[in-house]
Amino acid sequence: MQRKEKSFGIQMLSVQPDTKPKGCAGCNRKIKDRYLLKALDKYWHEDCLKCACCDCRLGEVGSTLYTKANLILCRRDYLRLFGVTGNCAACSKLIPAFEMVMRAKDNVYHLDCFACQLCNQRFCVGDKFFLKNNMILCQTDYEEGLMKEGYAPQVR
């Protein structure tokens, strides 16, 4: 049975002076700092909750950590190690799992490759684009293609 990955939240809490010091899950010493982190139902020094790969302090890089194969990881390293990679539908080059992408139906694109495949106009989030015969087209090229095919929309 394959274990699924889990993402967990990280909370930064201020230590109340009138409470008994909590033990750190990372180093097993008492937490006497002003702040502590709570993650995985345990308490941590800010310096002790680190990514097993890059050693970054997880409380500083976001509010989420990932666990798999008994590792505590930041998002980037989790995706680098366990994420799914694929190929860009425009340039056919590999897209690393941690890289931001654009999607159109079943196709995935590098951000730089997400452009009209006729005029190379790049699209931004929210821009209108068309997918025809698995090609990304801007509105102008899409409508010109319709006119050439004799399917021009009727203007009233």
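Computed from a predicted model, the values in this text were never measured in an experiment.
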Any [X] side-chain heavy atom under 4.5 Å of [Y] side chain:
| X | Y | answer |
| --- | --- | --- |
| Leu58 | Cys74 | yes |
| Leu111 | Met102 | yes |
| Asn87 | Ile95 | no |

Show me the donor-acceptor pairs, under 3.5 Å and distance only, between side chains in residues 132-140 and residues at least two apart or in other chains.
unit_1	atom_1	unit_2	atom_2	d
Asn134	OD1	Asn107	ND2	2.9
Gln139	NE2	Glu143	OE2	3.0

Spacing of OH belonging to Tyr66 relative to CG belonging to Leu71, to within rounding of 0.5 Å: 15.0 Å
Just how far is it from atom CG of Asp141 to atom CG of Asn120, taken to the nearest 0.5 Å? 9.5 Å
salt_bridge(Arg122, Asp127) N-O dist < 4.0 Å: no
Once ring-ring contact (aromatic ring centres under 6.0 Å, His included) is applied, do any residues pair with Phe123, and if so which ones, sequence neighbours excluded? Phe114, Phe129
So if you build clusters from Ile, Leu, Val, Met, Phe, Trp, Tyr with side-chain heavy-atom gaps below 4.5 Å, do Leu49 and Phe8 land together? yes
Verify same cluster id: Ile10, Ile72 (apolar side-chain graph, 4.5 Å): yes
Which pairs would a plain distance check flag for residues 20-47, meaning a side-chain donor or acceptor within less than 3.5 Å of a matching protein atom at least two apart in sequence or in another chain?
unit_1	atom_1	unit_2	atom_2	d
Trp44	NE1	Ala39	O	3.0
His45	NE2	Lys30	O	3.3
Asp47	OD1	Arg57	NH1	2.4

So which atom in [X] and which in [Y] form the shortest heavy-atom distance, rounded to 0.1 Å?
| X | Y | value |
| --- | --- | --- |
| Tyr109 | Ala89 | CE2-CB, 3.5 Å |
| Leu81 | Cys53 | CD1-SG, 3.5 Å |
| Leu131 | Ala104 | CD2-O, 4.0 Å |

Would you say the side-chain atoms of His110 pair up with the backbone N or O of Ala90, donor to acceptor, closer than 3.5 Å? no
